[in-house]
Enquirer: 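Sharing a structure with you now.
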Amino acid sequence: MLLRSWRSLFSGRLLLLTNTVSCGGLLAAGDVLQQEWHRRKHPQSQLQLGRTGRMFVVGCSLGPLMHYWYLWLDWALPARGVRCLRTGIKKVLIDQLVASPTMGAWYFMAIGTLEGQSLQESWDELKEKFWEMYKADWSVWPAAQILNFLFVPPPFRVAYVNVVTLGWDTYLSYLKYRVSPAPEPPPAPRVHTVHRNAQNPPKFTE
């Protein structure tokens, strides 16, 4: 009975709900892990539940995007098993070139909006942190996704990504809330002084 109920979460209309809630829950869990790691170094800091709640909301907004993205990708390029390795690699490349940057941009813009940032402020933060995030993405996700596309049944794709992504979500939380170094102040202008005496003309020195 329990197994049947569990399987029902990954079929029909419940699959979209499962993917949505799991995305939100694991993004929130990643934020909690990042905050706990930060609190070990800074014991005076407090757990920010509002921040975790915003992570949950943004994760839930990503869930339907991922759900329909994988449905389309499986329809366009069906692949199961090692014999379909070439097709699996194509799916990984499309995923990395289209879905990864799009969802990364959505993450920063959505979190910034919920925190009251202007669109310009969110855009500036995205430009500052995007390439660092995207390079890290390429070091983690191609290997994970080739296993996903070749061996994981389609109804479990988003759940698989969500489990693997717990560590990735922790990194995203760190990257989002990392304090950027303050820009260095411009050098002070040189001050020219004038030495005068009664018998010699003025001399300028630096």
Side-chain angles (χ1 to χ4, degrees), residues 19 22-38 40-42 51-52 54-70 72-73 76-77 79 85-115 117-152 157-184:
N19 290 338
S22 62
C23 279
L26 285 167
L27 190 58
D31 180 66
V32 170
L33 289 176
Q34 197 281 326
Q35 289 196 56
E36 288 297 330
W37 174 76
H38 179 78
R40 288 187 179 184
K41 293 187 174 183
H42 307 277
R51 162 179 151 177
T52 302
R54 290 188 291 272
M55 286 287 190
F56 176 78
V57 171
V58 172
C60 287
S61 72
L62 287 168
L65 297 177
M66 294 176 64
H67 174 85
Y68 289 110
W69 168 251
Y70 288 125
W72 177 83
L73 205 55
L77 294 168
L85 180 60
R86 181 175 297 179
T87 304
I89 292 174
K90 289 180 182 178
K91 293 173 77 169
V92 169
L93 289 176
I94 294 172
D95 189 64
Q96 286 297 117
L97 295 174
V98 178
S100 291
T102 301
M103 293 184 185
W106 178 273
Y107 169 81
F108 278 103
M109 299 299 288
I111 287 286
T113 299
L114 291 178
E115 292 185 339
Q117 291 180 340
S118 66
L119 288 178
Q120 185 61 50
E121 289 172 332
S122 297
W123 177 250
D124 290 341
E125 182 181 23
L126 175 62
K127 289 192 295 183
E128 176 191 348
K129 299 176 179 179
F130 175 80
W131 287 112
E132 179 180 347
M133 177 200 70
Y134 196 42
K135 287 186 289 186
D137 189 288
W138 274 94
S139 68
V140 172
W141 284 108
Q145 290 291 53
I146 196 67
L147 296 177
N148 187 14
F149 293 137
L150 294 183
F151 301 111
V152 177
R157 291 214 195 284
V158 176
Y160 165 84
V161 168
N162 286 338
V163 172
V164 175
T165 204
L166 183 58
W168 178 253
D169 290 339
T170 304
Y171 166 74
L172 286 180
S173 177
Y174 158 77
L175 184 63
K176 164 64 185 174
Y177 292 102
R178 183 185 64 194
V179 178
S180 300
E184 295 183 0

Enquirer: Would you say K91's side chain and F149's backbone share a donor-acceptor pair under 3.5 angstrom?
Expert: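 Looks like no, no N/O pair under 3.5 Å.
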
Enquirer: Determine the minimum heavy-atom distance between S61 and W106, stating which atoms define it.
Expert: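 Scanning both residues completely, I find the closest heavy atoms to be OG-NE1, 2.9 Å.
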
Enquirer: On a heavy-atom basis, which atom in W138 and which in L97 lie closest, and how many Å separate them?
Expert: CZ2-CD2, 4.1 Å

Enquirer: Heavy atoms only: give me the nearest V92-P142 pair and the separation to one decimal.
Expert: CG1-CA, 3.8 Å

Enquirer: Partners of S100 by side chain to side chain donor-acceptor pair (under 3.5 Å), sequence neighbours excluded?
Expert: Q96, D137

Enquirer: Is N19 close to M66 at the side-chain level, that is, under 4.5 Å between some pair of heavy atoms?
Expert: no

Enquirer: Is any side-chain heavy atom of E128 closer than 4.5 Å to one of D124?
Expert: no

Enquirer: Are any of the side-chain heavy atoms of I146 and I89 separated by less than 4.5 Å?
Expert: yes

Enquirer: Are V164 and W141 packed together at the side-chain level, in the sense that at least one heavy-atom pair is separated by less than 4.5 angstrom?
Expert: yes

Enquirer: Hey, are the side chains of L77 and I94 touching, using non-hydrogen atoms and a 4.5 Å cut-off?
Expert: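 Yes; the side chains approach each other to less than 4.5 Å.
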
Enquirer: For the atom pair CG (L175) and CD (E132), what is the distance rounded to the nearest 0.5 Å?
Expert: 5.0 Å

Enquirer: Once rounded to the nearest 0.5 Å, what's the spacing between atom CG of D31 and atom OH of Y174?
Expert: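 Between D31 CG and Y174 OH, I get 14.5 Å after rounding to 0.5 Å.
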
Enquirer: State the CD-CE distance between E125 and M109, to the nearest 0.5 angstrom.
Expert: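 That separation rounds to 10.0 Å.
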
Enquirer: Please name all residues satisfying ring-ring contact (aromatic ring centres under 6.0 Å, His included) with Y171, sequence neighbours left out, ordered by chain then number.
Expert: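 Checked Y171 against ring-ring contact (aromatic ring centres under 6.0 Å, His included); matches are W168.
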
Enquirer: Is the side chain of S122 donor-acceptor paired with the backbone N or O of L119 at a distance under 3.5 Å, no angle test?
Expert: no

Enquirer: Using the side chain to side chain contact (heavy atoms under 4.5 Å, CB included) rule, take W69 and T102 through it: C-alpha gap first, then chi angles, then the decisive distance, then the call.
Expert: CA-CA 11 Å; W69 168 251; T102 301; over 6 Å; no

Enquirer: List in chain and number order the residues that pass side chain to side chain donor-acceptor pair (under 3.5 Å) with R54, two or more places apart in sequence or in another chain; answer none if no residue qualifies.
Expert: none

Enquirer: Which residues pass the salt bridge (charged side-chain N to carboxylate O under 4.0 Å, His left out) test with K135, sequence neighbours left out?
Expert: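 Applying salt bridge (charged side-chain N to carboxylate O under 4.0 Å, His left out) to K135 gives none.
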
Enquirer: Assess whether side-chain hydrogen bond (donor to acceptor under 3.5 Å, both in side chains) is satisfied between N148 and Q145, documenting all intermediate values.
Expert: CA-CA 5 Å; N148 187 14; Q145 290 291 53; 3.0 Å; yes

Enquirer: For Y107, which residues count as a side chain to side chain contact (heavy atoms under 4.5 Å, CB included) partner, sequence neighbours excluded?
Expert: L27, M55, V58, I111, L172, K176

Enquirer: Can you see which heavy atom on G63 is nearest to which on C23, and at what distance?
Expert: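 Minimum heavy-atom separation between G63 and C23: CA-SG, 3.6 Å.
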
Enquirer: Would you find more than 12 non-hydrogen atoms of other residues, nucleotides or ligands less than 6.0 Å from W131 atom CH2?
Expert: no

Enquirer: Which residues satisfy the ring-ring contact (aromatic ring centres under 6.0 Å, His included) test with Y68, sequence neighbours excluded?
Expert: none

